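Structure first, commentary second.
A quick note: this is a predicted structure, and the numbers were derived from the prediction, not measured. In this chain, residues are counted from 1 in sequence order.
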Amino acid sequence: DWLTVDGGAEKVLEQMLQVFPDADIFSLMDFLTDEQRWCIHNKPVTTSFIQRLPGARKHYRHYLPLMPLAIEQLDLSAYDVVLSSSFAVAKGVITGPDQVHVSYVHSPIRYAWDLQNQYLAESGLAKGFKSMLARTLLHYIRLWDARTGPGVDAYVANSHFIGRRIRKVYRRDYEVIYPPVDTSAFTLHEQKEDFYLTASRMVPYKKIPLIVEAFSKMPDKKLVVIGAGPELEKAKAAAGPNVKVMGYQSFAVLKDHMQRAKGFVFAAEEDFGITPVEAQACGTPVIAFGKGGALETVKGLDSDSPTGVLFEQQTVESICHAVQHFERIAGTITPQACRENALRFRPEVFRQHPAVDQRRGRHADARRHPGRGAGALSERAFGGVSRGL
């Protein structure tokens, strides 16, 4: 959709480019710094007209009403295969009948669909004239998003949780390929110390102040908080003497705390959630909200090899209960089980999935035999996805 930071979606893009090193890159805008361009292999990017609009670098989200138009102006007619990595409008690119469009969907546009009311409330737009304008805009975004859904030949979801959103919004089947997590950057550490860790961008849906408040009510338990963002001051205000709010820290500091923590606490409803997997790669159990991607990345206590404890509600009481329960059963969760579970999401698994070549093969057969629907054709892969474009 846009290239402004080197976050989770950009890590997915970086792995796509390892599979397809000769692919060209198109995006609404590209404001990556020289240090961040590793995620696109320092390749040039073709951008839309939004790149040149006033204030786009800092306030690009203000141009949301123009993004559907902008994505449709990108000329992709020269390509046989188009891969879109989409959490907003990228899946709406225009392709023709002789092109294959495979869309890796991080989520249908969250703030336009089932999370609309949550986002409006968090933005102070629940009521009033501005709320009416925002709701009208999101209504038209939904209409556009639904209209462009059939233009995708194959949907790939980053989790079954997002797959269910795809089916609900676009009425389409999907395949799941979990995002790549660089588990090699995190090493197993079996000796744990007497503190818990939470680490995240400090944005409302991550619920970091909620975690801080919960631990402040458990003064005998220590919590370390790493991350920065608009909720940082709120987290500091909720912190008791047993909570250490460190703000932004380097990767080395984050990794060190992940390795030594007795447990990683995660209260967000995430599409997938990379940090719980990174914690498990260090051998650290996870205490997570049992909804969204965490249900697929953390093995609960009903598993033969559990890697964490799942709690049912995003409340102080639920978090406190989960932490206390974790301490009672902590011996049943081993660092080795956590590490083994995390390896399911290593980049090699992502890169070797044959989904793109399978779809390309079915599409080519459908063109040779127009009487047969592409969806009814063989699932055979043409040597795996590593063949490239």
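Checked against the 6.0 Å centroid threshold, Tyr104 and Tyr155 do not count as a close aromatic pair. The distance between the ring centers of Tyr196 and Phe215 falls below 6.0 angstrom.
Minimum interatomic distance between Leu120 and Ala134 (heavy atoms only, all atoms of both residues): CD2-CB, 3.9 Å. Ala322 and Phe311 get closest at one heavy-atom pair: CB-CB, 3.7 Å. Contact between Ser85 and His106 at its shortest, heavy atoms only, is OG-NE2, 2.8 Å. Counting all heavy atoms, side chain and backbone alike, Ala238 lies closest to Pro209 at CB-O, 4.3 Å. Residues Val243 and Ser216 approach most closely at CG2-OG, 3.9 Å, considering heavy atoms. Taking every heavy atom of both residues into account, Ile141 and Ala112 meet most closely at CG2-CB, 3.9 Å.
Between Pro347 and Val181, the closest side-chain pair of non-hydrogen atoms is not below 4.5 Å. For the pair Met246/Lys244, a side-chain contact is recorded, criterion being any heavy-atom separation below 4.5 Å from C-beta on. No side-chain heavy atom of Val100 sits less than 4.5 Å from a side-chain heavy atom of Asp80. For the pair Phe266/Lys207, no side-chain contact is recorded, criterion being any heavy-atom separation below 4.5 Å from C-beta on. Contact of the Asn158 side chain with the Val176 side chain is not registered, since no non-hydrogen atoms from C-beta on lie closer than 4.5 Å. When side chains are defined from C-beta on, Leu32 does not count as touching Thr4, because their heavy atoms never get closer than 4.5 Å. Residues Val152 and Val102 are not in side-chain contact: their nearest non-hydrogen atoms beyond the backbone lie 4.5 Å or more apart. Proximity of Thr187 to Cys282: side-chain heavy atoms (C-beta onward) are nowhere separated by under 4.5 Å.
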**Q.** side-chain contact (heavy atoms from CB on, under 4.5 Å) between Ile166 and Lys168, intermediate numbers included
**A.** CA-CA 5 Å; Ile166 289 172; Lys168 184 78 172 182; over 6 Å; no

Q: Take Arg328 and Gln324, measure what side-chain contact (heavy atoms from CB on, under 4.5 Å) needs, and give me the verdict at the end.
A: CA-CA 7 Å; Arg328 289 194 295 269; Gln324 292 160 358; 4.1 Å; yes

Q.
I'd like to know whether Arg135 forms a side chain to side chain donor-acceptor pair (under 3.5 Å) with Ser131, so could you lay out the CA-CA distance, the side-chain angles of the two residues, the decisive distance to 0.1 Å, and finally the verdict.
A. CA-CA 6 Å; Arg135 291 173 189 275; Ser131 175; 3.0 Å; yes

(Q) Please evaluate residues Arg201 and Glu270 with respect to the criterion salt bridge (charged side-chain N to carboxylate O under 4.0 Å, His left out), reporting the C-alpha separation (whole Å), side-chain torsions for both, the decisive distance (0.1 Å), and the verdict. (A) CA-CA 13 Å; Arg201 289 181 296 115; Glu270 279 281 15; 5.6 Å; no

Q: Begin from the C-alpha positions of Asp256 and Arg260 and carry the test side-chain contact (heavy atoms from CB on, under 4.5 Å) through to its verdict.
A: CA-CA 6 Å; Asp256 175 63; Arg260 294 187 291 113; 3.0 Å; yes

Q: Might you work through the side chain to side chain donor-acceptor pair (under 3.5 Å) test for Gln51 and Tyr60, ending with a clear yes or no?
A: CA-CA 9 Å; Gln51 176 85 14; Tyr60 58 89; over 6 Å; no

Q | Stepwise ring pair (Phe, Tyr, Trp, His ring centres under 6.0 Å) check, Tyr170 with Trp113 | A | CA-CA 11 Å; Tyr170 307 130; Trp113 292 99; 7.0 Å; no

**Q.** Residues Lys255, Glu278; criterion side-chain contact (heavy atoms from CB on, under 4.5 Å); working and verdict
**A.** CA-CA 9 Å; Lys255 176 182 174 181; Glu278 293 174 337; over 6 Å; no

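Linking Ile, Leu, Val, Met, Phe, Trp and Tyr residues whenever their side-chain heavy atoms come within less than 4.5 Å places Leu223 and Met202 in a single cluster. Note on Val253 and Val224: same hydrophobic cluster, where clusters join Ile, Leu, Val, Met, Phe, Trp and Tyr whose side-chain heavy atoms are under 4.5 Å apart, directly or indirectly. Note on Ile226: it does not cluster hydrophobically with Ile319, by side-chain heavy-atom contacts below 4.5 Å among ILVMFWY residues. Under a hydrophobic clustering in which Ile, Leu, Val, Met, Phe, Trp and Tyr are joined whenever their side-chain heavy atoms come within less than 4.5 Å, directly or via other members, Ile274 and Val349 fall into different clusters. Phe251 and Trp38 are not part of a single hydrophobic cluster, where members link through side-chain heavy atoms under 4.5 Å apart.
Listed for the Thr198 side chain is no donor-acceptor partner under 3.5 Å among the backbone atoms of Val225. A donor-acceptor contact shorter than 3.5 Å is absent between the side chain of Thr297 and the backbone of Val277. For the pair Thr136 (side chain) and Met132 (backbone), a donor-acceptor distance under 3.5 Å is present. At distances below 3.5 Å, not a single donor-acceptor pair connects side-chain atoms of Thr47 with backbone N or O atoms of Met29. For Arg142 (side chain) and Ile109 (main-chain N/O), no donor-acceptor pair under 3.5 Å exists by modelled atom type. Between the side chain of Glu296 and the main chain of His160, a donor-acceptor pair closer than 3.5 Å is present. Side-chain atoms of Arg339 never come within 3.5 Å of backbone atoms of Gly283 as a donor-acceptor pair (strictly under, hydrogens ignored). A donor-acceptor contact shorter than 3.5 Å links the side chain of Lys192 to the backbone of His189. Side-chain atoms of Ser303 come within 3.5 Å of backbone N or O of Ser305 as a donor-acceptor pair. Checking side-chain atoms of Glu269 against main-chain N and O of Phe289 turns up no donor-acceptor pair under 3.5 Å.
By the neighbour-count criterion of 12 heavy atoms within 6.0 Å, atom CG of Asp220 is densely surrounded, having more than that number from other residues, nucleotides or ligands.
Within the model, atoms CG of Leu74 and OG of Ser84 stand 11.5 Å from one another, a figure rounded to the nearest 0.5 Å. Rounded to the nearest 0.5 angstrom, Cys320 SG and Met218 CE are separated by 4.0 Å. Rounded to the nearest 0.5 angstrom, Asp75 CG and Thr46 OG1 are separated by 10.0 Å. Remark: His41 NE2 to Leu17 CG distance equals 5.0 Å, nearest 0.5 Å. Rounded to the nearest 0.5 Å, atoms CD (Gln280) and CE (Met258) are 10.0 Å apart. Between the OG1 atom in Thr284 and the CD1 atom in Ile333 there is a gap of 11.0 Å [rounded to 0.5 Å].
Using a cut-off of 4.0 Å between Lys/Arg side-chain N and Asp/Glu carboxylate O, Asp145 and Lys91 are scored as salt-bridged. Ion pair Arg165/Asp271 flagged as a salt bridge, since at least one NZ, NE, NH1 or NH2 atom sits closer than 4.0 Å to an Asp/Glu carboxylate oxygen. The pair Asp173-Arg167 meets the salt-bridge criterion, since a charged nitrogen lies less than 4.0 angstrom from a carboxylate oxygen. Ion pairing between a basic and an acidic side chain is recognised when a charged N comes within 4.0 Å of a carboxylate O; Glu14 and Arg351 show no such pairing. Salt bridge status for Arg164 with Asp114: absent, with no side-chain N to carboxylate O gap under 4.0 Å. Checked for salt-bridge contact, Lys262 and Glu327 meet the test: a charged N lies under 4.0 Å from a carboxylate O.
Residue Leu66 forms a side-chain contact (heavy atoms from CB on, under 4.5 Å) with just one option from Leu53, Ile71, Leu28, and that option is Leu53.
The aromatic rings of Tyr119 and Tyr111 lie perpendicular to each other, with more than 60° between the two planes, well past the 30° mark. The aromatic rings of Phe272 and Tyr178 are tilted relative to each other, their planes meeting at an angle between 30° and 60°.
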